[in-house]
Amino acid sequence: MCAVTGAFAVDRLTEELARAAGAPVVLERPREAAHGDYATNVALRLAPTRGRTPRELAEEIAGAATESALVERAEVAGPGFVNLWVTSGWYRDAVVEIADRPGEYGGGFASPRERVQVEMVSANPTGPITVASARNGAYGDAVARVLAFAGNEVEREYYYNDAGAQMDRFRASVEAVRRGEEPPEDGYRGAYLDELAALDGDPVPHMLGRIEASLERFRIHFDSWTRQSELERRLPEYLPRLDTYEKDGALWARSSAHGDDEDRVLVRSEGGAPTYRAADVVYLVDKLERGFDRAIYVLGADHHGTRNWYAAVARMLGYDPAHIEVLLYQLVHLTRGGEQTKMSKRRGDVVFLDDFMDEVGVDAARWYLVSRGHDQTIEIDVDLARERSEKNPVYYVQYAHARIAGILRNAGDARAEPEPGVEPEREERELVKRLAEFPGVVAEAAERRGPHALPNYAIRVADDFHRFYHHHRVLESEAEGFRLALCRATQAVIARSLDLIGVEAPERM
RNA sequence: GCGCCUGUAGCUCAGUGGACAGAGCAGCGGACUUCUAAUCCGCGGGUCGGAGGUUCGAAUCCUCCCAGGCGCACCA
């Protein structure tokens, strides 16, 4: 239970209403201003169980609600909605509570607090990071940031394949270039191969270095890097704990008996080499034995077929599959002038993250890749990206932040404290109510693993702020103290919304 | 054939049970001796893929159908 003191403004209002209704309520913001600042359908929900008509019950709740010091007025509307108008005191308190603790507002709600590992990107180091993999990172890192802000302890990990058939082809391709020959038919091509060929030794560590640099530039920092080859070696320890059988000379996991769609090969018939699945087994044990309460896998939709595999492995090993979570995101389709391009590293005709960042900037790149629902395939016209950059909503949001920073620079010693009797104007009330939504937006983004709610919300905040700014002066106005506090609160919410998706909040533009 | 995802304005997409469905871009018309016009104000634009069902109430939940994307390896 959260204490009443220190609870957010909407929570306090919700509790007052729950008291009036004698049941839990959910408040929502009506689309129509005529329907009040907040509204609840609690009477509609309660009427059947209480043997009353919805309107009758709504009248009663509305009457009780007006007793609250937070409620200016309450009306019954439609089939039985209770519409509420809040007092100017509620607005002042809401602003102060955000402005007073800008670093914490909206966060710290995780219960229980968990140790979480988010494993993401994990692309084979056979080439630079592509825009497709960048979506994995943009999504996974935003989820990680949201979970951390919620109060969890989060680590990011990159898992890479440093052995196996694809890596052999990659190394052979580099070797061929070093000998001045064409890469093999099934090998890799592209300008980056020449750069790797110019360096000495195994190209894999060099490639990984470039990948890490790209991701750091993309503002994703990995706490750890795990190699597939090291995990494979430990397979014999865990084989006895698995449900396995031999068929056609290969060793199979009977995963279909534990929730997977089919059985999987662990050890190949020819050569006796372990498969990628074998490394999966060891890796899962490794993650959980490191003490993570939750191991999150971020995978592209082309891997959705393996979703049940991880849970099956957990069950076979005797772990609760609830510790494992697979997040899927749909793929990125790139077009050039309307024509589809194929994403194949081997053909070398892909768009690399570094080039994408060069073209549209880091902020727009992150914004673009995370502002759409992860269940949605996104289309990016690479040719359009550059010219669209000035119209990208990310600048609209950043500009609101920079404008506020400008006001606060000019404010000097002026105090950001609401004047006791100040009556907020319409644009101010809308902005305050918007800021009051923030904790709910973050909580939902965390729960649904849907960080795209944040950029969409940030646009609304910027929208409300720009409108407020246009209609009212802050400095040397009669409500200067209130408005300065409102500016601080807005700045905090915008900065946090952007930070959670890895976008910077500039002081000047 | 089986599985996952998607179908909302001209385009790109929000909106996972509430009151006449929203934004950005594109189109048209207005507002700058400003705390930054990267802004604001206004206008036009929709059988929410289709058909049934559940509900006081459905873009949202259920069933079927249509269309598209991605999978269904001893590659990763």
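A, B, ... follow the sequence lines: proteins, then strands. Residue 1 opens every chain. These values consider heavy atoms only, across backbone and side chains, with no hydrogens, waters or symmetry-generated copies.
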Using the [atom1] atom as the reference point in each nucleotide, state the distance between [N] and [M] in Å, no decimals.
N: B:rA58; M: B:rG3; atom1: C1'; answer: 27 Å
N: B:rG24; M: B:rG42; atom1: P; answer: 11 Å
N: B:rC11; M: B:rU16; atom1: P; answer: 23 Å
N: B:rU54; M: B:rC62; atom1: P; answer: 15 Å
N: B:rA73; M: B:rC61; atom1: P; answer: 31 Å
N: B:rU60; M: B:rG17; atom1: C1'; answer: 7 Å
N: B:rG44; M: B:rG50; atom1: P; answer: 24 Å
N: B:rC64; M: B:rG27; atom1: P; answer: 44 Å

Options [options], nucleotide nearest the side-chain atoms of [X]:
X: A:A77; options: B:rU6, B:rA19, B:rU16; answer: B:rA19
X: A:V265; options: B:rA76, B:rA14, B:rC74; answer: B:rC74
X: A:W252; options: B:rU36, B:rC74, B:rA19; answer: B:rC74
X: A:Y395; options: B:rA76, B:rA38, B:rC74; answer: B:rA38
X: A:L44; options: B:rA19, B:rC56, B:rG15; answer: B:rC56
X: A:R31; options: B:rC74, B:rA38, B:rA21; answer: B:rA21
X: A:H304; options: B:rC4, B:rC74, B:rC41; answer: B:rC4
X: A:R467; options: B:rC13, B:rC41, B:rA38; answer: B:rC41
X: A:A250; options: B:rC74, B:rA38, B:rA23; answer: B:rC74
X: A:E28; options: B:rC74, B:rG18, B:rC35; answer: B:rG18

Determine the stems involving RNA chain B; a stem requires 3 or more consecutive pairs of the Watson-Crick or G-U wobble kind, each with both distances below 3.5 Å, and the answer is none if no such run exists.
B:1-7 with B:66-72, B:10-13 with B:22-25, B:27-31 with B:39-43, B:49-53 with B:61-65

Let me know, please, whether A:E262 or A:R45 comes out on the 5' side of the other along RNA chain B by nearest nucleotide.
A:R45

Result for 5'-nearest mapping on RNA chain B, choosing between A:V267 and A:H472, is A:H472

Side-chain N or O of [X] less than 4.0 angstrom from OP1 or OP2 on [N]?
X: A:Q376; N: B:rA14; answer: yes
X: A:Y399; N: B:rA38; answer: yes
X: A:R307; N: B:rC4; answer: no
X: A:Y457; N: B:rA23; answer: no
X: A:R268; N: B:rC75; answer: yes
X: A:H466; N: B:rC41; answer: no

Would you call A:R264-A:E262 a salt bridge at under 4.0 Å N-O?
yes

State whether A:E430 and A:R467 are salt-bridged, where the test is any N-O pair (Lys NZ or Arg NE/NH1/NH2 against Asp/Glu carboxylate O) under 4.0 Å.
no

Looking at every strand, decide which applies to [X] at a 4.0 Å heavy-atom threshold: base, sugar-phosphate, or nothing.
X: A:D463; value: sugar-phosphate
X: A:A39; value: base
X: A:Q398; value: nothing

Is [X] stacked on the base of [N], with ring centres under 5.5 Å apart and planes under 30° apart?
X: A:H35; N: B:rA19; result: yes
X: A:Y469; N: B:rC35; result: yes
X: A:Y396; N: B:rA38; result: no

How are the rings of A:H374 and A:Y139 set to each other: parallel, tilted or perpendicular (split at 30° and 60°)?
parallel

Parallel, tilted or perpendicular, as decided by the 30° and 60° cut-offs, for the rings of A:Y297 and A:Y283
perpendicular

Regarding A:Y160 and A:N124, is there a side-chain donor-to-acceptor distance under 3.5 Å anywhere?
no

Under 3.5 Å, is there a donor-acceptor pair between the A:D263 and A:Y245 side chains?
yes

Report the distance from atom CG of A:L27 to atom P of B:rG18, rounded to the nearest whole Å.
14 Å

A:E75 meets the salt bridge (charged side-chain N to carboxylate O under 4.0 Å, His left out) criterion, sequence neighbours left out, with A:R73

Side-chain donor/acceptor contact of A:N83 with base of B:rA19 under 3.5 Å
yes

On a plain distance test, is the side chain of A:N41 in donor-acceptor contact with the base of B:rG18 below 3.5 Å?
yes

Looking at A:E56, is its backbone amide N or carbonyl O close enough to the side chain of A:T53 to form a donor-acceptor pair, meaning the two atoms are under 3.5 Å apart?
yes

Cation-pi check, A:R403 onto A:Y469 ring (under 6.0 Å, within 45° of axis)
yes

For A:Y158, check ring pair (Phe, Tyr, Trp, His ring centres under 6.0 Å) against everything at least two apart and list the hits.
A:F222, A:W225

